[in-house]
Amino acid sequence: MTHDHKVKPWQGRFRVGTDRLVEEFTSSLHFDRRLYRHDIAGSMAHARMLGKQGILTAEEVAAIVRGLATVQEEIDRGEFVFEPADEDIHMAVERRLTALIGDVGRKLHTARSRNDQVALDVRLYLRDQVQELLTALTDLRRAGARLARKYFGVILPGYTHLQRAQPVLFSHHLLAYDEMWRRDQGRLQDALKRLNVLPLGAAALAGTTFPIDPAYTAELLAFPAIQRNSLDAVGDRDFVVEFAAAASLIMVHLSRLAEELILWSSAEFDFIDIADAYCTGSSIMPQKKNPDVAELIRGKSGRVIGHLTGLLVTLKGLPLAYNRDLQEDKEPLFDVVDTVLPCVRLTAKVLEHLELKKENIARALRGGFLTATDMADYLVTKGVPFRTAHAQVGQTVRYAESHGKELAELTLEEIRQFAPVVETDLFAWLTIDHSVQRRTSPGGTAPVRVAEVLAAVEAELGLP
Ligand code: ARG
């Protein structure tokens with residue numbers, strides 16, 4: 001079934017028009033219209049290059065650039081009328097341009113294909129988004145560093161297997177996330193290098209017969225590099241995958257922190273208070289204050305990871321060079337951007353307003369034999385081999401536990417049944433404070449070490 005419709009730019013070789021269903025099925029306009037600014041910037045640079053090379057006249061270039069500026073204003077103001085037959089943003093812009101300036105508009109696509117055009121648009125778009133995300137991550141790291149500074153000195157139980165293990169500084173715990181976010185920024189900066197390459201000049205797949213000057217186009221669009229294989233330039237979406245992978249790791253890191261915030265705000269832990277503005281209530285249980293923001297961040301990590309998988313599967317098995325499958329890169333990419341940015345920004349907000357419940361945290365340090373490793377270390381300083389010390393402390397812990405006591409509450413005589421070399425100086429080693437103070441190894445939780453790292457982070461982030 002065919003119908004009356006506008007003639008398409010590629011209509012020449014077709015005898016009958018497109019089925020309405022096919023038109024709907026193949027159209028990307030409803031999502032790629034968000035690329036219009038980048039599409040127009042790319043077209044302006046392309047037209048200027050064609051002018052510089054004498055492929056278009058100066059008057060033609062001026063008309064095209066002016067016309068494109070008008071199209072952009074129309075879309076900016078919401079006055080632009082998209083038509084179902086437009087198929088994608090590239091054709092919508094060109095159709096309107098030609099309507100505005102006449103046949104000269106039909107010269108814009110000289111020495112270009114939508115294949116290299118779309119590759120350019122996505123790169124330009126993603127370059128902007130990566131910058132936004134880098135900034136958002138810096139803001140998040142600042143919020144984390146400020147919180148680490150505010151509560152410097154607070155000790156909480158460190159966990160392994162979610163069992164209380166050894167005491168650590170809260171700031172040390174928080175700065176672990178700073179390490180992750182710093183690597184996240186490094187991955188984005190690294191991805192940016194490969195993303196920041198001009199694909200124009202590849203045209204459909206094989207390059208062009210026109211005497212183009214891609215270096216000039218690259219200069220206009222601030223690309224430090226130019227594609228050097230036309231087939232790859234139009235077929236490559238590695239940069240989208242790399243971004244989605246970097247975004248997935250960001251989401252995984254945010255999700256791990258979200259999980260901790262959720263646990264810590266439960267009555268079972270009760271270590272923190274998440275500000276009211278970042279929680280929601282229950283429609284049936286009046287007493288509830290739920291950590292929904294943190295839960296949604298944890299939940300949204302799933303869709304970003306899903307998009308990464310989807311993109312990889314879309315690319316797998318695609319023959320060179322361009323295939324229409326590649327149009328399927330945009331919705332996942334846009335959704336990744338739309339998901340990860342608010343998650344980073346909201347995590348920063350939650351941290352900015354987070355309160356620690358210091359008494360409850362201090363209470364959690366009692367019991368659990370958090371300084372058992374310190375007692376073993378003490379025995380080692382008295383010449384006991386570590387494995388022997390470990391066994392002696394294990395027996396002491398078992399004894400203390402069955403008598404309902406902490407290690408520090410045992411008498412010297414009780415301890416000596418298991419660890420005969422113990423003197424009264426052991427008791428200094430059994431305090432939480434001592435345990436933290438002594439972990440001065442590089443990257444350790446001792447306040448001197450954590451203070452050094454925090455100062456370095458603050459300096460890196462330009463914090464006072
Ligand atoms: N909408 C297309 C995409 O997103 C643009 C390129 C179309 N190229 C083509 N030969 N049909 O990939």
Side-chain angles (χ1 to χ4, degrees), residues 5-14 17-43 46 68 71 75 80 82-98 106 108-129 195 197-208 227 230-241 243-244 307 310-338:
H5 54 81
K6 297 252 160 56
V7 170
K8 295 185 195 305
W10 41 256
Q11 202 66 49
R13 62 99 61 227
F14 286 79
T18 321
D19 188 306
R20 169 82 64 200
L21 276 177
V22 172
E23 206 163 75
E24 280 170 19
F25 185 69
T26 55
S27 173
S28 53
L29 192 56
H30 59 286
F31 53 82
D32 66 16
R33 62 172 69 178
R34 91 152 74 181
L35 297 172
Y36 77 94
R37 287 177 153 270
H38 302 101
D39 191 72
I40 288 170
S43 287
H46 179 66
L68 286 169
V71 175
I75 304 179
F80 190 98
F82 289 98
E83 287 178 10
D86 279 341
E87 190 171 318
D88 57 29
I89 187 62
H90 325 295
M91 275 156 69
V93 169
E94 198 184 308
R95 172 187 55 76
R96 183 64 187 140
L97 175 70
T98 304
R106 298 168 69 84
L108 168 62
H109 212 50
T110 311
R112 189 177 69 170
S113 154
R114 272 186 297 157
N115 298 349
D116 58 347
Q117 185 178 359
V118 72
L120 171 69
D121 292 5
V122 177
R123 284 175 188 267
L124 285 172
Y125 162 81
L126 197 47
R127 194 167 75 171
D128 285 353
Q129 299 308 315
L195 164 63
V197 177
L198 177 80
L200 282 192
L205 75 163
T208 174
Q227 62 84 17
S230 59
L231 297 167
D232 180 54
V234 294
D236 164 43
R237 293 295 182 277
D238 288 8
F239 62 97
V240 180
V241 172
F243 175 76
H307 288 319
L311 285 163
L312 286 166
V313 176
T314 296
L315 292 179
K316 178 195 164 298
L318 277 193
L320 294 182
Y322 178 85
N323 301 269
R324 193 62 176 268
D325 314 46
L326 292 175
Q327 179 168 295
E328 289 293 308
D329 64 348
K330 276 171 270 320
E331 283 170 294
L333 171 61
F334 296 160
D335 193 58
V336 167
V337 168
D338 291 345

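Both ligands and their constituent atoms are indexed starting at 1 by order of listing.
Heavy-atom proximity to Arg324, at under 4.0 Å, picks out these atoms of ligand 1: 11 (N). Proximity to Gln327 (heavy-atom distance under 4.0 Å) selects the following atoms of ligand 1: 1 (N), 2 (C), 3 (C), 4 (O), 12 (O). Each of the following atoms of ligand 1 lies closer than 4.0 Å to a heavy atom of Asn115: 8 (N), 9 (C), 10 (N). Counting the atoms of ligand 1 from 1 in the order shown, those under 4.0 Å from a heavy atom of Asp88 are 1 (N), 2 (C), 5 (C). Close contacts between ligand 1 and Ser28 involve ligand atoms 1 (N) [criterion: under 4.0 Å to a heavy atom].
His46 places a side-chain N or O within donor-acceptor distance of the main-chain N or O of Thr110, the cut-off being under 3.5 Å. Under the 3.5 Å distance criterion, the side-chain polar atoms of Asp116 are matched with a main-chain donor or acceptor of Ala203. Judged by distance alone, with hydrogens and angles left aside, the side-chain atoms of Gln327 form a donor-acceptor pair with the main-chain N or O of Thr26 at under 3.5 Å. In terms of modelled atom types and a separation under 3.5 Å, the side chain of Thr314 and the main chain of Gly310 share a donor-acceptor contact.
Judged by distance alone, the side chains of His90 and Asp39 do bring a donor and an acceptor atom under 3.5 Å apart.
With sequence neighbours left out, Arg33 forms a side-chain contact (heavy atoms from CB on, under 4.5 Å) with Leu29, Phe82, Ile89.
Considering backbone and side-chain N/O atoms, His90 never comes within less than 3.5 Å of an N/O atom of ligand 1.
Between Glu328, Arg114, Gln117, Met91, it is Arg114 that holds the heavy atom closest to atom 11 (N) of ligand 1.
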Exercise. Would Lys330 and Asp32 count as a salt bridge (Lys or Arg N to Asp or Glu O under 4.0 Å) if you check the C-alpha gap in whole Å, the side-chain angles of each, and the deciding distance to 0.1 Å?
Worked result: CA-CA 7 Å; Lys330 276 171 270 320; Asp32 66 16; 5.9 Å; no
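Among all protein heavy atoms, the one lying closest to atom 6 (C) of ligand 1 is Tyr322 OH, 3.4 Å.
Using a 4.0 angstrom heavy-atom cutoff, Lys330 counts as in contact with ligand 1.
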